[in-house]
Amino acid sequence: MKRYSRTAPVEQRALEQWTQRNLKDRYDEALKEPVPDELLALLRQFPSH
């Protein structure tokens, strides 16, 4: 990974990889859950473009 034309330190790359992996693990399960009917009803109130 490069930032401002320089390669990021190994520690920073490792932390970013760890963060991405853990966020994915935590939120992938939630993304599989169905959207509540109340939220779908609210979304349907918005005009489509």
Side-chain angles (χ1 to χ4, degrees):
M1 165 181 288
K2 288 192 173 206
R3 295 194 187 256
Y4 307 109
S5 303
R6 294 190 313 175
T7 302
V10 159
E11 296 86 0
Q12 183 176 356
R13 291 190 312 241
L15 177 61
E16 289 175 1
Q17 288 175 356
W18 179 87
T19 303
Q20 288 177 352
R21 189 175 324 116
N22 279 287
L23 287 173
K24 182 180 183 313
D25 289 347
R26 291 178 189 261
Y27 292 105
D28 270 357
E29 188 173 324
L31 290 173
K32 294 175 187 173
E33 295 179 8
V35 177
D37 291 335
E38 297 86 6
L39 181 56
L40 287 174
L42 286 172
L43 292 172
R44 290 184 180 118
Q45 292 178 7
F46 287 97
S48 59
H49 295 348

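Basis for what follows: all heavy atoms, side chains included, without hydrogens, waters or symmetry-related copies.
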Can you check side chain to side chain contact (heavy atoms under 4.5 Å, CB included) on L15 and Q12, steps first, answer last?
CA-CA 5 Å; L15 177 61; Q12 183 176 356; 5.8 Å; no
Contacts of type side chain to side chain contact (heavy atoms under 4.5 Å, CB included), residue V35, not counting sequence neighbours:
L39, L40
Salt bridge (charged side-chain N to carboxylate O under 4.0 Å, His left out) pairs, two or more places apart, involving residues 28-41
K24-D28
